There are 2 protein chains.
Amino acid sequence: MSVTVEKALQLIEAMARAGKPVGVSQLGRDLQINKSTVHRLLDTLVRQGYACQEEDSGRYALSVKLWEMGIGVVRGLSLPQVARPLLEAAALETGETTMLGVVQEREVLIIDKVDSLHPLQIFSPLGTRLPICNSAFGRVLLAFQPEAFIEAAVAEFAPRTAFGIQTQAQLREDLARIRAEGSSQSRDEWQIGIAGAAASIHDAKGGVAGAFCITGPTARLTEAKLRDCRARCVAASQAISQQLGHIAPGPARQAAGAQ
Amino acid sequence: MSVTVEKALQLIEAMARAGKPVGVSQLGRDLQINKSTVHRLLDTLVRQGYACQEEDSGRYALSVKLWEMGIGVVRGLSLPQVARPLLEAAALETGETTMLGVVQEREVLIIDKVDSLHPLQIFSPLGTRLPICNSAFGRVLLAFQPEAFIEAAVAEFAPRTAFGIQTQAQLREDLARIRAEGSSQSRDEWQIGIAGAAASIHDAKGGVAGAFCITGPTARLTEAKLRDCRARCVAASQAISQQLGHIAPGPARQAAGAQ
DNA sequence: CAACGCCGTGCCTATATTTGGAACAGGCGA
DNA sequence: TCGCCTGTTCCAAATATAGGCACGGCGTTG
């Protein structure tokens, strides 16, 4: 709606993508915005503290103020807070990397994690995005999205390896199974050599708030161990969901659940 | 300059401050912006993925996209990357909390840290701001700022406790001493019961890039231990500075240092 | 050594954009 | 049921934006 703000946000995103100082002309070319306009917008960003200008080269880069605002966002969310101790516990007990993810623009965004202590680790820094269709981590999130969201995701599905889910039909089946069971596991599907288990976290309104994942090298995660990890994911996710105010749906098998 | 973008950024900051969903009218009142304008700007923020609207209440909150952008900022900086292992090492060796800070709007912004394992800890989450005049951590940063910056900071200095630096004259002296020595330590000055040591980190251009700090309860940090921490800060900061391409000024005492 | 091309910056006017008052629909509490 | 609050929409007036153009500085190239 507001074209000016839209352009300013595009500038921010472009600078974030670049990861290093960028020039006015460069930004103008990339985003097809007039150089004067870019300059004026950058000027306001600098004035507000969101960007800063390299003294010698004159190029612009984002400042830590943006990081500070972002930190405020996750601090405001209750999910990372309640999930943190469970991430640590699961990482300690299994010795593998544990991760917390949420849906962001049809992908999985890793918002917190605890690294394994093994020398062989999964490389995925905070803020990394993972495909939503090609791993258990993504699919436990995808399964509980609105119908239209799922359709769009399934439509653009493509296998990344020769293992795991290969067709859209299989994907739909798996999503249905996840909706019933609430957890999943995968192996060599996103990347050869990586396996993982995941379970969905739900909030007070019943919607999916995030996913709890334990991941590691296929070599260490035998089928038995992966099942164990999956059970841990389920337990952790349920604990988190409960703390978020989620009332377990309890179809019939768990009738009690007083209060 | 660009009033529209300025207002949009104000909205972002206001929502970050709130830490929870806020209403259109509320934001309009707080920032003295017309309700219609607020609504339209929020609409663009939502469309661009930076904010989202609570379905039931209609209130708005920032989304994780802002966090994602912020993460990209610190990932682009080399300082946190090279400092991380040294933060961990110092925390392990001393058993105390280690922190990495940069200057942000006349305050110290904590951009990374490794927590002590002691039950008694310093509470200061990532993204916390500390005063720049009232601790060693702040002053090693302040000492190397431009003249005007220092003047402004000194002008608004006020002691927070009855310990440590008490007057503007003392503060100026201390800053001069820090410029000569490159490190500092303080005790009971920012908060009663907290002590810390810090050293400044410099980049290739010679400017100050950040500060390395070891902090803990006054009870544990005896004078001897605090001196030890200070020495560790100096060593770590020099190592980091070197990796950032800083050429040690080497007044005379270390003439060699080839390559 | 000079000419060129690119850089960031500043100015200016037509114009497209924002502005903000007023009105609407829905929810909540009295 | 009434009143008050919320988020949302509309529209004309006014204003801030857009983007062409020009300037000074810098690095490279001919």
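Computed from a prediction, not measured in an experiment: that's the story for all the values here. Lettering of chains follows the sequences in order, A, B, ..., and the numbering in each one begins at 1.
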Colleague: Would one find a side-chain N or O of B:Gln26 under 4.0 angstrom from OP1 or OP2 of D:dG7?
Modeller: no

Colleague: Base, sugar-phosphate, or nothing for A:Ser36, non-hydrogen atoms under 4.0 angstrom?
Modeller: base

Colleague: Expressed in angstrom and rounded to an integer, what is the separation of B:His39 atom NE2 from C:dT19 atom C1'?
Modeller: 15 Å

Colleague: If you check the B:Lys35 side chain, which of C:dT18, D:dT6, C:dT9 turns out closest?
Modeller: D:dT6

Colleague: With a 4.5 Å cut-off on side-chain heavy atoms, are B:Lys20 and B:Arg59 touching?
Modeller: no

Colleague: Measure CZ/B:Arg29 against P/C:dG20 and give the value in whole Å, please.
Modeller: 17 Å

Colleague: Send over the distance from A:Met1 CE to C:dT18 P, rounded to a whole Å.
Modeller: 10 Å

Colleague: Nearest to the side chain of B:Thr4, heavy atoms from C-beta on, is which of D:dT9, C:dT19, C:dG8?
Modeller: C:dT19

Colleague: Considering only C:dT18, C:dT19, D:dT8, which nucleotide approaches the side chain of B:Thr37 most closely?
Modeller: C:dT19

Colleague: Let me know the distance between CG of B:Asp43 and C1' of D:dC10, rounded to the nearest Å.
Modeller: 15 Å

Colleague: In whole angstroms, how far is the P atom of D:dT17 from the CZ atom of A:Arg40?
Modeller: 6 Å

Colleague: Would you indicate whether A:Glu6, at its atom CD, is surrounded by more than 12 heavy atoms from other residues, nucleotides or ligands within a distance under 6.0 Å?
Modeller: yes

Colleague: Ignoring hydrogens and angles, does a donor from either the side chain of A:Ser2 or the base of C:dT18 sit under 3.5 Å from an acceptor on the other?
Modeller: no

Colleague: Among the candidates D:dG7, C:dT9, C:dG20, find the nucleotide nearest to the side-chain atoms of B:Lys7.
Modeller: C:dG20

